[in-house]
Amino acid sequence: MKYHFNKIEAQWQKYWAENQTFRASNDSDKPKYYVLDMFPYPSGAGLHVGHPLGYIASDIYARYKRHKGFNVLHPQGYDSFGLPAEQYAIQTGQHPAVTTKENIERYREQLDKIGFSFDWSREVRTSDPDYYRWTQWIFIQLFDSWYDNKQDKARPISDLIEIFNTSGNTTVDAVCDSDVEAFSSEQWKSFSEKEQQAILLKYRLTYLAETEVNWCPQLGTVLANDEIVNGVSERGGFPVIRKKMTQWSMRISAYAERLLQGLQQIDWSDSLKESQRNWIGKSRGAMVTFQVKDYDHTIEVFTTRPDTIFGVTFMTLAPEHELVDIITTPQRKKAVEDYKKAAAQRSERERMADVKTISGVFTGAYAIHPFTKEPVPIWIGDYVLAGYGTGAVMAVPCGDQRDYDFARHFAGEPGMPKIKNIFRDADLSQSAHVSTPQTHIDHSDFLTGLPWKEALRVSIQKLEETNQGYGKINYRLRDAVFSRQRYWGEPFPVYYVDGMPQMIAQEHLPIRLPQVEKYLPTEQGDPPLGNSSMWAWDTKRNEVVANQEIDHQTVFPLELNTMPGWAGSSWYFFRYMDPHNEKEFVSKESQAYWENVDLYIGGSEHATGHLLYARFWTKFLKDRGWVSVEEPFKKLINQGMILGNSAFVYRLEGQNTFISHNKIGDHRVQPIHVDVSLVNTSNELDLEAFRNWRAEYKDANFILDDQGRYLVGREVEKMSKSKYNVVNPDDICQQYGADTLRMYEMFLGPLEQAKPWNTAGISGVHAFLKKLWNLYHNDEGFFVSEEKASQDSLRTLHKTIKKVTEDIENFHFNTAISTFMICVNELSAQKCNQREVLEPLAILVAPYAPHIAEELWKQLGHHQSVSEAPYPEFEQEHLVESQKEYPISFNGKVRFTMTLPLNLNKEEIEKQVMQHEKTQKQLEGRSPKKVIVVPGRIVNIVG
RNA sequence: GCCUUGGUGGCGGAAUUGGUAGACGCGCUGGAUUCAAAAUCCAGUGACUUCGGUCGUGUGGGUUCGAUUCCCACCCAAGGUACCA
């Protein structure tokens, strides 16, 4: 009887949907288990074969846990705000909500075909007003909170106001802006309402601040680093400059230490934890204050090596540093201005990546060394980034390679003194000195002669004594910018009274996105929401009203920015616990039942973005008492990305002629991504299809190779619509079935490893499922016997149970599938058709290939879904071994094997091996120096 | 540049704690079946070889009786690098 996968799969998908087989209850006697996928952004390209990789893995695990008797929550939803829908709207005028809805429908259709056990009754969409009202609500709570270092938690802002009223701010130890001045309770009370609000803003966990952005004047918009290629915008190729803008920020830095410490209690891979540790970047050192010569200004620097303070040869400020314009001397003005302009045109990433080009310019100004009181020249250089630390460094060329390179590059120029060497016996002729435990400090007044670690301690002490600095723990983690000049994101529940932000009361949420005519920034350079004529807040009627009603008395302008993509994804895992609650973002009871995510699966590209923000918000919600957990995700697995196999055509520079990859030679060409569907497996381009692909290639000319073919170049890279390398899974479901797709994606390789997509090999997995089917069927139909199974078959079954269970617990799905293949091959050879073996086998396979398992289960006479069957137990008695085939090696090389009983001890094994004729032959009369016997493993004869 | 991960046959990959390198699958070769093809089944398949063996897990060193596995240095690829998701 044939295996009709299409029919079987459609039937069971319908059954699961109609019977709500996978609906999770918030009330159960079983232990709970929460399995979550990182929800997808519904892109216009549809689901690609990379998405299901993680979903299949989590689905296998969720189904496995159900067999093991758990109440499993396995939901799915959509991260549906984002830039691509907005760009599509800009190009076509189509409202992003419409495109997004269509894309979601397409995703759902595709997901349904793969047979996932999602509880769709809990679906969430971040762009749904019923969802984003709670994102707005959380924003308001952040605004209403400050971080108390003494209690090491976030507290309501009302507590802080009370403290200010009773004792001013001098007793408060809070995380706040660096420019807060001390005030008493009397002073606080004497401030105007506006002054008080301005001060509070410096303490709130979300606050307004000036931050740098990539500004593209021609597009009139801010760009992500990702949208900038070689210093110009990806769209249009326009210049991009760095510019300051007032934006909402999140005080994630308040949580730096807890985010670091929390890593110890969660089950994530060491590499991922390491990434987060490096991102948080905790370092110990000192803040040092340098007075600027002839000015009433100081430069603050953070250094991890205050012990090298006497080695300071010059100082470097970021070109954007606020003092640059003030202190630059008239003679240096032009050079500094030119340099600043050039630096503004380089993205932060370029500046970090490019260490070969050393650039900088002397300001003509000097700082005063805190101890020697000698003048220290002040330079600017773009290797110092404004956003890092204080945007200024003290340069010690003898101990830091970048400073060394900078000093060498500008040696002899005005303002660049000779390198000061403060290390005893250090050779500076080639490079900076690398400190070791033996390093001692020299030529450094009170530090001379000390080992550097000791000098570190003394230098901080001295800085503190002389009030010129203090020991400090610094974090690389910066506060997170929370404003986007975009349309398709959550609107802020914020209006402005006299320039000060005010929150809209929570009962009036959600504040819905307004309709706009155009999704581009306004002509004045305001964000897209500035195009709306209905974007003002009436504080009397508590509703959004027309802009013309703004009177700054009762009707005020609303915030024009929207929230970033990570807002909605920082808390969605809580919403699945209680998705339809209209009173709270999640009820206390639901959250207490589900706690947090037991298993989270998603791509490693989120290692430091989403995963850090979600941890931050969870900790905040815990502090304020809305949830009971400190960490959102107990265990996390990063599925490796399925990479695309991009294809390239090569355009001769400045022409509309394309040259075959194997003919490029010395031609100057521009590689252009071409849709992989236009290329066959031999890398040959379909020229007709290419001409029809896009209007600009209609009249393209080609230089073909000697066989008359146009060959494309190939490159493995991330699958994305813009690279035209997306492969979608629908065709595979159609041709081979969902069970084959599920097993093939798992069989491709280790879950955590990145791998390029390739369908070669899928036939092997499909053949396996057919063989599995044939164990239960003969030509006539279902054919399973009630007789006792053979010892061999039971052995095969239990060997399989053992290995597959170990593999699933360790997420080694690829080897589990080879184990299934071996099992089915063995059972076929044994002609096994006994229920005793085939019934447990159907359950074992069910998490991987649920459709075929359901069908076999039904044919075996069951009326319930196989997903409710208990997992088979492993029985050791079927696998007892008494003999071992020992490899016998000579000097580490295996020469032959011999079978010996497993109960022999070392001496008995050695005796038997030495008596063997082949041993004597190998030794050719020599007596061995040593015989190493590892019982149950190997014998090695040395000599 | 920096951080993280990876590099094993023609290809995807396997190898539990340092113990027979290449499981399982694809591909390829030969055979059976067929009028023929598809499908299926059987056998072989790391390279070299004077058929004794020799070499072989990115490159070069090291530790060890024994290294894909541990250590050092380097090369290459992918992901991230704070406004793509």
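It should be emphasised that the depicted structure is a prediction, and the values quoted were computed from it without experimental measurement. Numbers restart at 1 for each chain; the letters A, B, ... are given by sequence-line order, proteins then strands.
- Phosphate proximity of B:G13 to A:Q753: present, with a side-chain N or O under 4.0 Å from OP1 or OP2.
- The residues A:E806 and A:K803 are annotated as not salt-bridged, no charged nitrogen and carboxylate oxygen being separated by less than 4.0 angstrom.
- Remark: the A:Q485 side chain and the B:C83 base include a donor-acceptor N/O pair separated by less than 3.5 Å.
- No salt bridge links A:K244 with A:E320; every basic N to acidic carboxylate O contact stays at or beyond 4.0 Å.
- For B:C65, its base sits under 3.5 Å from the side chain of A:N940 at one donor and acceptor pair at least.
- Each of A:K802 and A:V939 was assigned the nucleotide of RNA chain B with the nearest heavy atom; the assignment lying further toward the 5' end belongs to A:K802.
- As judged by a 4.0 angstrom heavy-atom cut-off over every strand, A:L477 is placed among the base-contacting residues.
- Counting any heavy atom pair closer than 4.0 Å across all strands shown, A:E605 reaches a base atom.
- Ring centers of A:F482 and A:W248: at least 6.0 Å apart, outside the cut-off.
- Taking only distance into account, the side chain of A:Q247 meets the base of B:C83 through a donor-acceptor pair shorter than 3.5 Å.
- One finds a side-chain N or O of A:N225 lying less than 4.0 angstrom from the OP1 or OP2 phosphate oxygen of B:A82.
- Residue-to-nucleotide proximity on RNA chain B shows that, of A:Y613 and A:N825, the 5′-proximal contact is made by A:N825.
- A:R895 comes within 4.0 angstrom of sugar-phosphate atoms only, judged by non-hydrogen atoms across all strands, and of no base.
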